[in-house]
Amino acid sequence: MNARDIIIAKRDGFRLTDEQIDWFIAAYTADEVADEQASALAMAVYFNGMEPTELARWTSAMIESGQRLDLSGLSRPTVDKHSTGGVGDKISLILVPLVAACGAAVPQLSGRGLGHTGGTLDKMEAIPGWQAQLPPDRMRELLDSIGGVIAGASADLAPADRKMYALRDVTGTIESIPLIASSIMSKKIAEGTDALVLDVKVGRGAFMADFAAADELARTMVRLGNDHGVATSALVTRMDDVLGRAAGNALEVQESLDVLAGGGPPDVVELTLALAEEMLVLAGLDGNPAEVLASGEALAVFEKMVSAQGGSLDAGIPVAEYRETITAAEAGFVQSVDARRVGVGAWRLGAGRARKEDSVSATAGIMCLAKPGDQVAAGEPILELHADRPELLEPVAELVASSVSIGPDAPPAQSIVIERILAPSLPQSP
Ligand code: URA
């Protein structure tokens, strides 16, 4: 075997053999294949794609590059959720304790955010004292007792993907459906969950801007999961407007606490309940997530999850020192709140990182004081910018001032879930 022949085969449109795939991924993980060769192969896949069986093998090889967590023998069924990322997407902070409160074990291993969408670990780290890293034994213990864990993925979970993703980031090869699908699914399958619900976001604030691409990505990942023995369903969901009102780490923790306490923005509640229902079906659990959320049981689980990892909610969630308000230029109904602009704005205020080594501000971000459908008067506050460094406020204010569009009539209400793609093992809706 040699890397050059494998690159040429893919460049010329051939299906790679199982042996070629296994060899390439193992050799790349062991630093025996050069970065430029792996980049060339990624570019060849970008242009020529992969057949379903080829992609399944590629994903298996990525899983085999590291350790697969063993979550067998827990007293609860395991089920997790993965989102392809959106602005204001704090759903995991509510969903993990909620589904745990319904009787499941939810082993959510997450990463840190890169670019304009935030990462779940960055949000949790806004809670004073909270630690992301957990040894596997402690994770099993917490999954059994509390049911929910949010933690950082260890370095030996799909290490081939870790290397490959960093390379794709700098070689223009992120936007390839087979590479995205295998990257996400190798990590989720290696995490050891029995079942998985994917939240594939589509719209101007998402990775996938158009529905056809989001649908193809969702179907590709659902097939990969089920072929690897993980019961997997997907929801394709809208990500044109900011999800909820808060974009920024501590601001999103506070909003999640509001939802766990029975309040919070309706779109966050709607999406959380839709995902929870799919997770419970896959886990084979009866339960009414809306009732459990209203009862305060999910909040109690979240408090236990936080203190089990050293965090404390008693002192309150930190807030930024500097703020600036943006007001409506005219009266009318809010039509949209451009998720990408707000996401980039929050990122520039310090909530996100440009390179994976950068640190993030816990308190920076943007509150959307007005949501689509709200009626506003001219001069009424519509956005509130939060920062630790006052000099960042003005340039971001200019950037996000036009992110809220206002019109004379109320926009039509839209459901956040656009499509459900169910695991083949479940009864399919007509
Ligand atoms: N997230 C991942 O984990 N991998 C990708 O390729 C894209 C998004």
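Every residue two or more places apart in sequence or in another chain was checked for a salt bridge (Lys or Arg N to Asp or Glu O under 4.0 Å) with D194, and none qualifies.
For the pair S361 (side chain) and A364 (backbone), a donor-acceptor distance under 3.5 Å is present. A donor-acceptor contact shorter than 3.5 Å links the side chain of D267 to the backbone of G244. Within the 3.5 Å criterion, the main-chain N or O of H386 finds no donor-acceptor partner in the side chain of R323. A donor-acceptor pair under 3.5 Å is formed between the side chain of D374 and the backbone N or O of K371. Listed for the R340 side chain is no donor-acceptor partner under 3.5 Å among the backbone atoms of G205. Under a 3.5 Å cut-off, the side chain of S65 and the backbone N or O of A160 do form a donor-acceptor pair. A side-chain donor-acceptor contact under 3.5 Å links R140 to the backbone of D70. Between the Q309 side chain and the I150 main chain, a donor and an acceptor come within less than 3.5 Å of each other. Side-chain atoms of R238 do not come within 3.5 Å of backbone N or O of I416 as any donor-acceptor pair. Put simply, the side chain of E384 never gets that close to the backbone of M367: no donor and acceptor are under 3.5 Å apart.
Between V400 and S403, some side-chain heavy-atom pair lies under the 4.5 Å cut-off. Under the 4.5 Å side-chain criterion, counting only non-hydrogen atoms from C-beta, S182 is in contact with L55. Using a 4.5 Å heavy-atom threshold, the side chains of Y322 and E324 count as separate. Looking only at side-chain heavy atoms (C-beta outward), M221 and L196 stay at 4.5 Å or farther from each other. P178 has its side chain within reach of V45: a pair of non-hydrogen atoms, C-beta onward, lies under 4.5 Å apart. Taking the side chain as every heavy atom from C-beta outward, I63 and R68 approach each other to under 4.5 Å. Contact of the K188 side chain with the V230 side chain is not registered, since no non-hydrogen atoms from C-beta on lie closer than 4.5 Å.
Summarising the geometry of V87 relative to A339, their closest heavy-atom pair is CG2-O, 3.2 Å, with the distance given to 0.1 Å. Heavy atoms only, all atoms of each residue included: L243 and I91 are closest at CD2-CG1, 3.8 Å. Of all heavy-atom pairs spanning P97 and S92, the tightest one is CD-O, 3.9 Å.
Contact check on R57 versus E51 returns no salt bridge, with no Lys/Arg side-chain nitrogen under 4.0 Å from an Asp/Glu carboxylate oxygen. One finds no salt bridge joining R76 and D144 here, because no Lys/Arg side-chain nitrogen approaches an Asp/Glu carboxylate oxygen to under 4.0 Å. Salt bridge annotation for D199-K81: absent, with no cationic side-chain nitrogen under 4.0 angstrom from a carboxylate oxygen. Of the charged side-chain nitrogens involved, none lies within less than 4.0 Å of a carboxylate oxygen, so that R245 and E255 do not count as a salt-bridged pair.
Remark: K201 is not positioned above the aromatic ring of F207, lacking an NZ or CZ atom under 6.0 angstrom from the ring centre and at most 45 degrees off the axis.
At most 12 non-hydrogen atoms from other residues, nucleotides or ligands lie less than 6.0 angstrom from CG of D286. Applying the 6.0 Å contact sphere to NZ of K304 captures no more than 12 heavy atoms from other residues, nucleotides or ligands. The number of heavy-atom neighbours closer than 6.0 Å to CD of E330, taken from other residues, nucleotides and ligands shown, is above 12.
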The test is side-chain contact (heavy atoms from CB on, under 4.5 Å); show your working for K187 and D161 and say whether it passes. CA-CA 8 Å; K187 288 175 284 202; D161 178 64; 3.0 Å; yes
List the steps and the verdict of side chain to side chain donor-acceptor pair (under 3.5 Å) for S186 and T59. CA-CA 6 Å; S186 61; T59 307; over 6 Å; no
Assess the residue pair M50 and W58 against the criterion (side-chain contact (heavy atoms from CB on, under 4.5 Å)); give the C-alpha distance rounded to whole Å, side-chain angles, the decisive distance to 0.1 Å, and a yes or no. CA-CA 9 Å; M50 277 188 176; W58 178 271; 3.4 Å; yes
Evaluate L198 against M185 for side-chain contact (heavy atoms from CB on, under 4.5 Å), listing each step before the verdict. CA-CA 10 Å; L198 299 161; M185 293 307 290; 4.1 Å; yes
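For T193 and E191, the side-chain atoms include no donor-acceptor pair closer than 3.5 Å.
Between V337 and the options L369, I382, V342, a side chain to side chain contact (heavy atoms under 4.5 Å, CB included) holds for only V342.
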Scan the side chains in residues 407-414 for donor-acceptor partners under 3.5 Å anywhere in the protein, sequence neighbours excluded, and list what turns up.
none

